[in-house]
Protein chains: 2
Amino acid sequence: MTAGSGGTGAADGAVGGTVTGTGRLDGGPAGPPAPVNGGDTVAKVVRQWRAVHPGLDTGPMEIIGRVNRCAALLQQAEDAPLRRAGLTRPEFDVLGTLRRTGHELTPSEIARETFSSGAAVTKRLKQLSERGLVERRGDDRDRRVAHVRLTDAGRDLVDTIIPEQLGYESAVLAGLDGAGQRALAELLGELLIQLEGRLGSSHL
Amino acid sequence: MTAGSGGTGAADGAVGGTVTGTGRLDGGPAGPPAPVNGGDTVAKVVRQWRAVHPGLDTGPMEIIGRVNRCAALLQQAEDAPLRRAGLTRPEFDVLGTLRRTGHELTPSEIARETFSSGAAVTKRLKQLSERGLVERRGDDRDRRVAHVRLTDAGRDLVDTIIPEQLGYESAVLAGLDGAGQRALAELLGELLIQLEGRLGSSHL
DNA sequence: GCAGAGTGTTTTACTCGTAAAACACCTGCT
DNA sequence: AGCAGGTGTTTTACGAGTAAAACACTCTGC
């Protein structure tokens, strides 16, 4: 939906680039599913479910399926500018985290901040330091701990990419007018607070 | 997305379970980033960026970052009911697609419908048919083509899971009231139509 | 009829992420 | 001191997805 596909929400049975996987979304090797008249892809899936199981409350699909599908499509779109810089998104996330916090971070902190596993961060840091975008130094109090920081090249790269990326994203979102964007950001924020409170700690 | 992390949108530098990766979201081995006061995780990241780059238009992050983070959190939450049935989401997507369309599908059609690559579908079908949830037969006109359908066991499994899954999703979304949910579904639908039109075919 | 182009599906080689184990080190207790 | 238990990081083994190549087959035009 990592963004796998799955369907609208979990129960959609493939609403596209949604839940399970992170989902493909460009259709990949296979062509796009052809924009359906009468709504988005999710609406079509919902209609199919309702036809097969008339009693079903498909409400959750309309939100979860769409969130997942949007995430999949956006992710794909967003990859373009980063790819030009030779970075994957998880790699950029590491760099961005270091840049926005403004100080050195330990691998554990980076893992928490990027919602990644420690092992994944270890691998990314290895690649990024081989490319000279990041540097490490050991803590001298506690020799288990490492401190990671951006090199000048890393910092410059982030500062170059960020405006490009935001501009690109702006263009991608342009289909929605200003008020719609604000309303959407607001509602997603509300939902996110709930989800982070509920799922962030413990397990629902 | 898992929603990996990435940041708010692509340019957030890790807003969590967002763009690049599909992102982790439960914090995994590392603990959760601790719910921040003054908004969701994305709001915190946005504030950090604005402090470092005051001129930046962080608008896109507030939507894209949140969509990605929501997708990541929801994906994780949704996994629970499926896991109990011993299915991954991409696997369930295949079954669900067959169920909701109501007829046999070829592997290519399944790939299009689930936004997966053909290779991924091949693997999933292999596993599902080993478990007796799905059956294949060859087309007798065109011997390249296969037709896949649910077995009775597969159909029953889907029909058992769907209501559980939707109920679970309903509970997860309960933090938002009915009006909020409708508004959110509506706005996401609008955005999705734009994205599917723009990104679905060709490349932006 | 038969080459050549095209399509549906599978295989191959590879990348990346994860979970769990392994390490390395600190800390508190005795 | 010395050891038990805990924490930070890396390594290992593996599963899953992808892109590209390989297959298998059909169709078109000559």
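The chains referred to below are lettered A, B, ... by the order of the sequence lines, with proteins before strands, and numbering in each begins at 1. All heavy atoms count here, side chains included; hydrogens, waters and symmetry mates do not.
- Where A:Arg141 and A:Gln127 each meet DNA chain C at their nearest nucleotide, the meeting point lying more 5' is that of A:Gln127.
- A straight line from CG of A:Asp139 to P of D:dG8 spans 12 Å, rounded to a whole angstrom.
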Contact string for nucleotides 1-12 of chain C, one letter per nucleotide 5' to 3', B = base within protein heavy-atom range under 4.0 Å, S = sugar-phosphate only, - = neither, reads -----BBSSBB-

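- At least one donor-acceptor pair closer than 3.5 Å links the side chain of A:Thr151 to the backbone N or O of A:Leu133.
- Atom CZ of B:Arg83 and atom P of D:dA16 are 10 Å apart (whole Å).
- Summarising the geometry, the separation between CZ on A:Phe92 and P on C:dC16 is reported as 18 Å, rounded to the nearest angstrom.
- Under a 4.0 Å N-O distance rule, the pair B:Glu186/A:Arg66 does not qualify as a salt bridge.
- Remark: side-chain polar atoms of B:Gln76 are not paired, donor with acceptor, to backbone N or O of B:Leu73 under 3.5 angstrom.
- Under 4.0 angstrom from either OP1 or OP2 of C:dG17 there lies at least one side-chain N or O belonging to A:Arg124.
- Salt-bridge annotation for A:Glu91 and A:Arg124: absent, with no side-chain N of the basic residue lying under 4.0 Å from a carboxylate O of the acidic one.
- Salt bridge annotation for A:Arg141-A:Asp139: absent, with no cationic side-chain nitrogen under 4.0 angstrom from a carboxylate oxygen.
- The CD-C1' distance, from A:Gln75 to C:dC16, rounds to 14 Å in whole Å.
- We find that CD1 of B:Ile110 is positioned 14 Å from P of D:dG17, with the value rounded to whole Å.
- Using a cut-off of 4.0 Å between Lys/Arg side-chain N and Asp/Glu carboxylate O, B:Glu113 and A:Lys44 are scored as salt-bridged.
- Rounded to an integer number of Å, the gap from A:Gln76 CD to D:dA19 C1' is 14 Å.
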